[in-house]
Amino acid sequence: PNWLPLKLRIGGAEVLRLAELELLDYHHELDLRTALLTRRLRFRDKEGRETALVSRRFVSMTSMHHAYLEWTLTPLNWSGEAEVVTALDGRVVNGGVPRYRQLESDHLRPGSTMVPEPAVLALKSVTRQSEVIVGVAARTLVRVDGREVDVPRSDFGTTDYVQQTLHLDLERGVPVTIEKAVSMFTSRDPATGDTIVRAHRSVARSRSFEAAYDHHSASWARLWRACDMRVFGDDEAQHLLRIHICHILQTCSHNTADLDAGVPARGINGEAYRGHVFWDELFVYPFLTFRTPDVTRGLLMYRYRRVAEARSAAKAVGYEGFMFPWQSASLGTEETQELHLNPMSGRWDEDLSHNQRHVSAAIFYNVWQYVTLTEDTMFLEYRGAVLMLGIARFWASIAHYSPERDRYEIHGVMGPDEYHEKYPGASESGLRNNAYTNIFVAWICDIAAHLLELLPEPRAKSVRAQLELRDEEIVRWKDMSRKMFVPFHDGIISQFEGYEDLEELDWDGYRAKYGDIQRLDRILKAEGDTPDRYKLAKQADVVMLFFLFSDPELKRVVERLGYEFADDSAERTIEYYDRRTSHGSTLSYITHAGVLARFDPDASWDRFKVALGSDVNDIQGGTTREGIHMGVMSGTVDLIQRFYAGMRVSDGMLLLDPNLPAAVDGFAFNMTYLRSPLTVTIMRDRVTVKHRDGVIDSVPVRVRVAGEERMVQVGGEETFSLA
Ligand code: BGC
């Protein structure tokens with residue numbers, strides 16, 4: 001329900017609409033420190049009355065059920081009667097994505113409304129499909145000179161809309177403040193009975209705007225202390241990074257850690273993808289885990305709670321284990337669309353993207369990273385191991401053994417590159433042996449085969465029992481870690497088997513003809529052609545391997561498979577695909593910027609800057625208003641720590657191996673490692689790690705920079721020279 005409506009009528013005239021007023025002054029500002037939105041306007045209406053209006057609003061970071069909106073109205077050249085209408089509106093539709101407008105957009109069923117006390121309105125709605133009950137209440141007060149004043153009020157309500165009109169007598173030059181405090185509860189919230197009653201009780205005792213804002217600011221200050229990142233020498237990058245951090249924290253924070261929610265690809269800032277959860281969390285966790293690990297754990301629980309659906313999805317197509325959906329929502333069933341509108345041709349094309357089974361590999365990776373970075377063994381023992389082994393079981397069942405090759409193969413899947421959905425002209429969907437998937441699976445199988453050895457005996461037993469794990473499964477994982485098939489051509493890992501037979505695209509020709517060729521899929525399909533025919537990629541696919549794994553790690557996996565991993569493998573492979581990628585997903589700039597950082601920090605920085613500006617500059621032409629790109633925003637912050645600072649964790653030690661682009665003088669960021677709050681500063685000639693006086697169970701942290709290993713004591717600081 002929309003909690004925002006506040007409307008103004010002067011002297012009995014119509015409600016004023018911004019578009020119909022003469023604007024004398026307009027200023028719109030988002031304060032990144034506290035995500036406070038302020039609008040200041042001065043306008044002249046048809047009768048020549050000039051009025052100043054300052055509106056401020058925030059959603060509390062301290063008290064997750066509360067939001068505030070405040071208007072300060074000043075008649076500049078008039079005195080007289082005015083009415084302010086405050087309302088709660090349950091008639092909202094999802095109209096934020098133009099492409100979706102012809103589809104079902106009405107998701108709230110009317111419930112009831114009431115005016116439980118003179119200054120409070122309340123509304124209850126129910127979501128149509130999931131039947132979540134939402135209770136909202138608003139208390140609207142009027143203040144002059146900071147003192148609350150009584151005003152006459154008249155109410156109006158239906159089942160899905162309720163409003164109250166406040167009758168004011170305004171005096172020229174005297175500001176009047178209208179303060180709308182809002183409280184929202186759903187039937188999923190703990191300690192809630194009837195949501196409308198709960199919302200009413202809560203709003204009736206809520207603080208004033210100012211007092212609530214103070215608390216809210218204190219929470220943000222704590223968050224910034226944990227999450228801020230400095231860029232020295234590039235003010236634009238600095239500013240954009242903070243915009244990203246501010247937006248990420250509005251979607252994922254301590255307030256969401258206990259919710260049953262995943263990471264929506266477009267944040268909660270817009271309606272694109274309808275809030276669906278893809279693999280994008282893979283790009284979000286590195287930022288969160290080093291700062292708010294409890295949030296990562298909460299998000300991993302979103303997956304854990306949906307293993308039953310993942311199991312039944314696997315079973316339905318003849319597999320075992322957990323096969324997570326490419327697009328996930330409340331139930332955990334597959335939500336991917338089967339048809340996709342091509343705005344260039346106006347045609348609905350077949351969409352096979354659900355074959356991106358790699359999402360299950362990403363979930364395995366995410367759990368393992370979380371456990372490695374936090375050493376949260378309880379999570380591993382009671383939740384993580386089941387998730388990981390259930391996923392390993394899925395991979396073992398989708399893979400088949402080929403006696404001719406003496407290798408395991410996976411057919412009928414797609415990698416992250418969504419422009420290759422099948423072989424040209426083929427009737428069946430998917431590809432054979434996507435290298436990203438197969439190598440990832442070899443890595444998974446190796447970890448899975450040894451995972452139970454890491455658990456205390458009783459826990460290992462219980463995980464085994466829970467999954468009804470058979471000894472031969474572990475034997476098979478070991479075998480797969482040595483025998484997954486990987487296709488190669490020209491000494492390069494092929495994106496999938498048969499890739500070398502595809503045609504080269506005339507990149508220059510297409511650029512000359514279309515200018516922006518990010519969405520080559522739409523272009524080629526509108527021409528009656530298909531991207532399936534060409535050596536091109538929407539986004540990083542093979543290259544993702546170099547983004548997720550360090551060279552030594554990847555070398556171990558590839559050599560264990562009996563393939564060669566030369567010293568220049570990474571560089572040659574990245575260079576090969578970099579020339580053949582259109583970056584039709586902005587995530588791709590993140591990956592390419594990341595992998596290029598150590599070979600060519602300046603080329604990397606160019607891509608980083610594109611990623612950094614992608615939402616602010618709306619580089620995909622209209623997608624930003626449909627919601628932020630969570631993976632990209634988090635990815636930019638992660639690039640600074642993992643690729644430009646070169647930070648990794650290995651054997652309980654923090655490794656830093658910086659690659660500074662020429663455009664910057666250095667970076668500094670706050671992070672938490674093993675419950676110890678650290679500030680890391682990377683300059684061209686030195687690295688400093690400061691252990692900030694932290695929490696009660698802070699421990700000294702082992703750090704290695706440029707081959708030199710030292711202990712950073714609690715409250716201490718170490719500087720490593722990079723001479
Ligand atoms: C990308 C996917 C991504 C999805 C949601 C698509 O355009 O190709 O990799 O998961 O958007 O962000």
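When a ligand or atom number is given, it counts from 1 through the structure's own listing order. In what follows, every heavy atom counts, from backbone to side chain, and hydrogens, waters and symmetry copies are set aside. Being a predicted model, the structure only gives us computed values, none of them experimental. If you read the sequence from its start, that first residue is 1, and numbering goes on from there.
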*asked:* Before we go on, tell me: are the rings of Tyr534 and Tyr419 under 6.0 Å apart, centre to centre?
replied: no
*Close-range residues for ligand 1, whose non-hydrogen atoms fall below the 4.0 Å threshold*: Ala265, Tyr273, Phe278, Trp279, Asp280, Trp326, Glu418, Lys538, Gln539, Ser585, Leu587
*Can you list every salt bridge (charged side-chain N to carboxylate O under 4.0 Å, His left out) pair that touches residues 592-604, not counting sequence neighbours?*
Asp551-Arg598
_Using ring centroids (six-membered ring only for Trp), state whether His489 and Tyr576 fall under 6.0 Å._
yes
*Under the side chain to side chain donor-acceptor pair (under 3.5 Å) rule, what pairs show up with a residue in residues 312-326, not counting sequence neighbours?*
Glu320-Arg470
_Taking every non-hydrogen atom, the tightest pair across Pro424 and Arg533_ = CB-CG, 3.8 Å
Anything under 3.5 Å between a donor and an acceptor, one on a side chain of residues 429-436, the other on a protein residue two or more places apart or in another chain? List them.
{"from": "Ser429", "atom 1": "OG", "to": "Asn355", "atom 2": "ND2", "distance (Å)": "3.0"}
{"from": "Asn433", "atom 1": "OD1", "to": "Ile410", "atom 2": "N", "distance (Å)": "2.9"}
{"from": "Asn433", "atom 1": "OD1", "to": "Asn438", "atom 2": "ND2", "distance (Å)": "3.0"}
{"from": "Asn433", "atom 1": "ND2", "to": "Glu409", "atom 2": "OE1", "distance (Å)": "2.9"}
{"from": "Asn433", "atom 1": "ND2", "to": "Glu497", "atom 2": "OE1", "distance (Å)": "2.8"}
{"from": "Asn434", "atom 1": "OD1", "to": "Thr437", "atom 2": "N", "distance (Å)": "2.9"}
{"from": "Asn434", "atom 1": "OD1", "to": "Thr437", "atom 2": "OG1", "distance (Å)": "2.6"}
{"from": "Asn434", "atom 1": "ND2", "to": "Gln495", "atom 2": "O", "distance (Å)": "3.2"}
{"from": "Asn434", "atom 1": "ND2", "to": "Asp541", "atom 2": "OD1", "distance (Å)": "3.1"}

